[in-house]
Amino acid sequence: MTPVIDTHAHLIDRQEPGYEGVAHKWGGARWGGGVDDLLAQMDHAGIDYACLLTSTIIDVMEHFHPDVRDDILVSFDPFINKACYWRDWAAHKDRFFLFADSIDPRVPGYVERAARDLDNGATGLKILPAFTNSTIDEPGWRPIFELMSDRQVPCIIDLSYWYLHFPWFAPRLVGKYRSFGEFAETVHTVAEAYPDVRMEITHYGTPILRRNELKSIQYGEAEPKALANGEIDYELLQGPIDMIAPHPNLFCGLSAYQHVIPASEEYPYRSALRIVEVLTQGLGADRIIFGTDWPYLGHVGYPELIRSIREAPFFSPEESAMILGGTACRFLWGDDADAYPPGR
């Protein structure tokens with residue numbers, strides 16, 4: 001039977017004292033965020049496995065506005081840390097796979113640390129190039145891709161295109177790319193150079209789909225036509241489709257797709273389901289990977305998200321099973337996917 005896998009989950013260390021005093025500042029507080037919370041919700045929804053992405057608060061601090069960044073760092077550094085991930089993964093290896101993060105080419109020893117994480121049992125690596133003020137095709141990332149090629153491990157890549165118009169986020173990249181297609185050339189270069197490295201492009205490629213967000217960009221991105229302010233233009237998903245489709249080693253992760261669901265929208269949450277439908281039409285179910293960014297689920301929980309995909313009239317049972325876990329098996333284990341999970 002095909003497993004259900006959330007390939008994009010995070011944790012907060014709720015064993016550290018003081019969490020309740022800062023939880024209101026944290027976007028994932030509704031769903032708890034601790035390992036026991038995650039396991040209970042996985043069990044309730046019938047999720048077999050989850051991939052833990054070990055992003056720390058320091059890793060992701062660049063997207064916080066400078067006015068709040070110091071407060072966020074001080075508040076959450078004790079709770080969002082790499083040690084928590086390794087501890088909880090080690091205690092539940094039967095449910096979790098670890099993707100090691102905290103990779104910054106500007107910091108000496110980054111390749112050695114990534115290698116050590118793989119030696120210690122990480123399934124693959126998580127890469128956040130724009131959070132380090134770089135693009136994925138820059139020379140500093142090549143040793144990391146060479147390491148993954150040598151070890152034959154997969155990676156999850158957050159391109160962060162939807163943040164590039166923030167002047168404080170990645171200053172070197174502001175105004176550098178006039179369109180998503182131009183930005184995608186950085187991905188084409190890497191995918192062609194490392195065809196044996198399986199790459200999940202997470203957050204469905206990080207396109208900007210809403211009119212009000214597009215209006216804030218100053219470097220030539222075409223605005224969607226005849227849309228109300230804030231309405232989703234699903235045609236803009238063609239950018240990620242065109243980026244991923246030519247490369248058999250690239251997969252499209254759905255993580256955070258559910259964030260488009262308005263609080264007033266009822267099941268089956270057509271606004272988010274339409275993203276899954278369009279991407280599947282463009283790439284095929286065998287290139288789509290379910291993920292959520294847990295505990296940043298928004299207001300819709302695991303069971304409803306999974307049921308909406310299973311019950312979607314435009315997916316066959318085989319396609320929905322592929323989206324919810326079958327494709328993730330291919331991404332995680334390559335040619336060994338039929339014997340999942342190898343070594344368990």
Side-chain angles (χ1 to χ4, degrees), residues 8-13 51-66 68-70 72-86 89 97-151 153-174 176-177 183 186-187 189-191 193-194 197 199-203 205-206 253 255 293 296:
H8 200 121
H10 301 283
L11 291 177
I12 188 166
D13 190 353
C51 297
L52 302 180
L53 281 52
T54 70
S55 303
T56 71
I57 197 66
I58 294 173
D59 293 327
V60 300
M61 67 179 181
E62 298 299 331
H63 80 298
F64 294 113
H65 191 280
V68 301
R69 186 178 298 161
D70 288 345
I72 293 291
L73 288 174
V74 171
S75 298
F76 291 106
D77 188 50
F79 307 104
I80 304 179
N81 60 76
K82 200 168 181 178
C84 165
Y85 286 100
W86 284 93
W89 165 76
F97 305 100
L98 196 74
F99 277 73
D101 204 335
S102 304
I103 303 170
D104 188 338
R106 300 169 299 185
V107 181
Y110 68 103
V111 179
E112 291 78 8
R113 285 189 293 274
R116 185 164 59 248
D117 286 340
L118 294 175
D119 290 340
N120 288 334
T123 295
L125 301 177
K126 165 74 180 303
I127 297 173
L128 290 159
F131 280 83
T132 65
N133 204 20
S134 65
T135 53
I136 200 65
D137 62 337
E138 293 185 22
W141 290 104
R142 291 175 192 163
I144 294 294
F145 281 100
E146 290 165 4
L147 172 66
M148 292 188 291
S149 179
D150 290 342
R151 301 290 188 92
V153 298
C155 69
I156 295 174
I157 303 174
D158 177 353
L159 294 172
S160 309
Y161 179 78
W162 48 31
Y163 296 142
L164 296 190
H165 59 289
F166 295 158
W168 64 84
F169 175 59
R172 291 179 57 243
L173 306 184
V174 175
K176 185 174 182 178
Y177 301 101
F183 174 74
T186 65
V187 177
T189 298
V190 171
Y194 302 96
V197 178
M199 308 177 197
E200 179 198 310
I201 307 299
T202 194
H203 302 315
T206 65
S255 173
D293 212 12
Y296 307 102

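Heads up: numbering here begins at 1 and tracks the sequence.
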The reported gap from OG1 in T189 to OH in Y194 (rounded to nearest 0.5 angstrom) is 11.0 Å
Tell me whether R113 contacts the main-chain N or O of P108 through its side chain, where contact means a donor paired with an acceptor under 3.5 Å. yes
Applying side-chain contact (heavy atoms from CB on, under 4.5 Å), name anything that partners N81, two or more places apart in sequence or on another chain. D13, A83, C84
Measure up the F183 and Y161 rings against each other and bin them: parallel (under 30°), tilted (30 to 60°), perpendicular (over 60°). tilted
Just do the side chain to side chain contact (heavy atoms under 4.5 Å, CB included) check on F131 and S55 with the steps written out, would you? CA-CA 11 Å; F131 280 83; S55 303; over 6 Å; no
Run H10 and D101 through side chain to side chain contact (heavy atoms under 4.5 Å, CB included) and show every step you take. CA-CA 11 Å; H10 301 283; D101 204 335; over 6 Å; no
To the nearest 0.5 angstrom, please state how far the CD1 atom of I80 sits from the CD1 atom of I58. 11.0 Å
Could you tell me whether a side-chain N or O of N120 sits under 3.5 Å from a main-chain N or O of R116, the two making a donor and an acceptor? yes
Indicate the atoms forming the closest heavy-atom contact of V153 with V197, along with that distance. O-CG1, 4.0 Å
Pair M199-V190, side chain to side chain contact (heavy atoms under 4.5 Å, CB included): steps then yes or no: CA-CA 10 Å; M199 308 177 197; V190 171; 3.8 Å; yes
How long is the straight-line distance from CG of D59 back to NZ of K126, given to the nearest 0.5 Å? 8.5 Å
Heavy atoms of D104 and Y110 approach each other most closely as O-CB, 3.4 Å
Look up atom CG in L98 and atom NZ in K82, then write down how far apart they are to the nearest 0.5 Å. 8.5 Å
Would you check if F64 and I57 make a side-chain contact, meaning some heavy-atom pair closer than 4.5 Å? yes
Step by step, work out the side chain to side chain contact (heavy atoms under 4.5 Å, CB included) result for M61 and I72. CA-CA 8 Å; M61 67 179 181; I72 293 291; over 6 Å; no
Spacing of L11 atom CG and W86 atom CH2 [to the nearest 0.5 Å]: 13.5 Å
Quick check for you: to the nearest 0.5 Å, what is the distance between E62 atom CD and L128 atom CG? 11.0 Å
Look at the side chain of T186 and the backbone N and O of I136, then say whether any donor-acceptor pair between them is shorter than 3.5 Å. no
Do F99 and L53 make a side-chain contact, defined as non-hydrogen atoms from C-beta onward lying under 4.5 Å apart? yes
For S134 versus L173, what's the shortest heavy-atom pair and its separation? O-CD1, 3.7 Å
With side chains defined as the heavy atoms from C-beta onward, is the minimum distance between W141 and T132 less than 4.5 Å? yes
What I'd like to find out is whether the side chain of V111 reaches to under 4.5 Å of the side chain of I144, using heavy atoms alone. yes
Backbone of L164 reached by a side-chain donor or acceptor of Y177 within 3.5 Å: no
Shortest non-hydrogen contact from P143 to P139? CD-O, 3.4 Å
Where do C155 and M148 come nearest, in terms of heavy atoms and distance? CB-SD, 3.2 Å
Name the orientation class of the two ring planes belonging to H203 and W162 (parallel below 30°, tilted from 30 to 60°, perpendicular beyond 60°). tilted
Can you classify the ring geometry of F166 versus W168 as parallel (below 30°), tilted (30 to 60°) or perpendicular (above 60°)? parallel
Will you find, in the side chains of E146 and S149, an N or O donor that is under 3.5 Å from an N or O acceptor? no
Applying the side chain to side chain contact (heavy atoms under 4.5 Å, CB included) criterion to H8, which one of D158, T202, L52 satisfies it? T202
Between D117 (side chain only) and A114 (backbone N and O only), is there a donor and an acceptor less than 3.5 Å apart? no
E138 side chain reached by P105 side chain, heavy atoms, under 4.5 Å: no
Looking only at heavy atoms, the pair that brings A100 and A122 closest together is CB-CB, 4.2 Å
